[in-house]
Amino acid sequence: MAYTRRDVSTLTASERRRFVDAMLAVKRRGEYDEFVRIHIDYYVSDGEGGLRTAHMAPSFLPWHRRFLLDLEEALRRVDSSVTLPYWDWTQDRTATSAPWREDLLGGNGRRSDRQVTTGPFAYATGNWTLKEGVTDGVFLTRDLGRARDPIELPTGDDVEVALRDPVYDVSPWNSTSKEGFRNRLEGWGSGRGSAAWRNHNRVHRWVGGAMLGGASVNDPVFWLHHAFIDLLWTRWQRRHQDHRYLPAEPPAPGTSQHRRVVARHEKLPPWDVTPDQLEDVGHLYRYA
Ligand code: CU1
Ligand code: CU1
């Protein structure tokens, strides 16, 4: 039977504890750092050659959908009552909102070195030492709201701009795609400074610290953020039922995106699954 993913602000004290305990168990078993490693390995940008699957590409949404399912499966092997909560950052918008509770993800990083020193993922607990990263830092860092150069989380209106677009994605299927739901949600904009960071990208910026860059999985809020992104995809699908994942066919040989993006019926590495197979997951889970 399908299980339910809940808004993090509605979890009970015991649900929060079970989620945290399962995360710590997955970390202790060494599985968590494999997720960090996979995300780093698949952090390929437009400027690099080769196939892009996780970011700056149409498969941004199905890639993360499958990635979340793998982590959730690991959590549920520890405790079958656990599901991934989601963080609705259009509602929970401050550095003391639901995700940042002491008994959930802990709070902001301290001033001097941005080290997270509160909650279950603080370095001093000994339970959350970073092993995989793009830097050698061993402790989790956050800079909620970016103290030195403040930015705001995306609003409901910002999300609406993305949800309103009936077309899933458009050529050139990368970070420069000006239209389409995928990039409006992934959030590669044009222009300088923080205006260029929209929706999904802007949230990574707002959290700061470990959430910047390829090793963002080191902050457990990664999963809560991407669960909300995944929920928004289901809302878009419900609103535009005649529209589907694009491209339906691989870009033709000789065009710039040939072999650079995954079409609807092509395999989505590192899994043996296609975007088509990941469009309907209602038999696995639903959102409350
Ligand atoms: Cu990602
Ligand atoms: Cu992300």
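Whatever order the structure lists ligands and atoms in, that order sets their numbers, starting from 1. Computed over heavy atoms, backbone and side chain alike; hydrogens, waters and symmetry mates excluded. Start at 1 with the first residue, then count along the sequence.
Closer than 2.8 Å to the Cu ion (ligand 2) sit the protein N, O or S atoms His200 NE2, His204 NE2, His226 NE2.
Between Val161 and Arg184, the shortest heavy-atom distance links the atoms O-CD, 3.6 Å. Between Val44 and Gly49, the shortest heavy-atom contact is CG1-O, 4.2 Å.
Just one residue in the list Tyr86, Trp89, Trp87 forms a side chain to side chain donor-acceptor pair (under 3.5 Å) with His225, and that residue is Trp89. Of the residues Phe139, Phe121, Tyr123, the one that meets the ring pair (Phe, Tyr, Trp, His ring centres under 6.0 Å) test with Trp128 is Phe121. Just one residue in the list Thr83, Asp7, Thr4, Asp230 forms a side chain to side chain donor-acceptor pair (under 3.5 Å) with Tyr287, and that residue is Asp230.
Side-chain contacts under 4.5 Å among hydrophobic residues (ILVMFWY), followed directly or transitively, place Trp188 together with Met56, Trp197.
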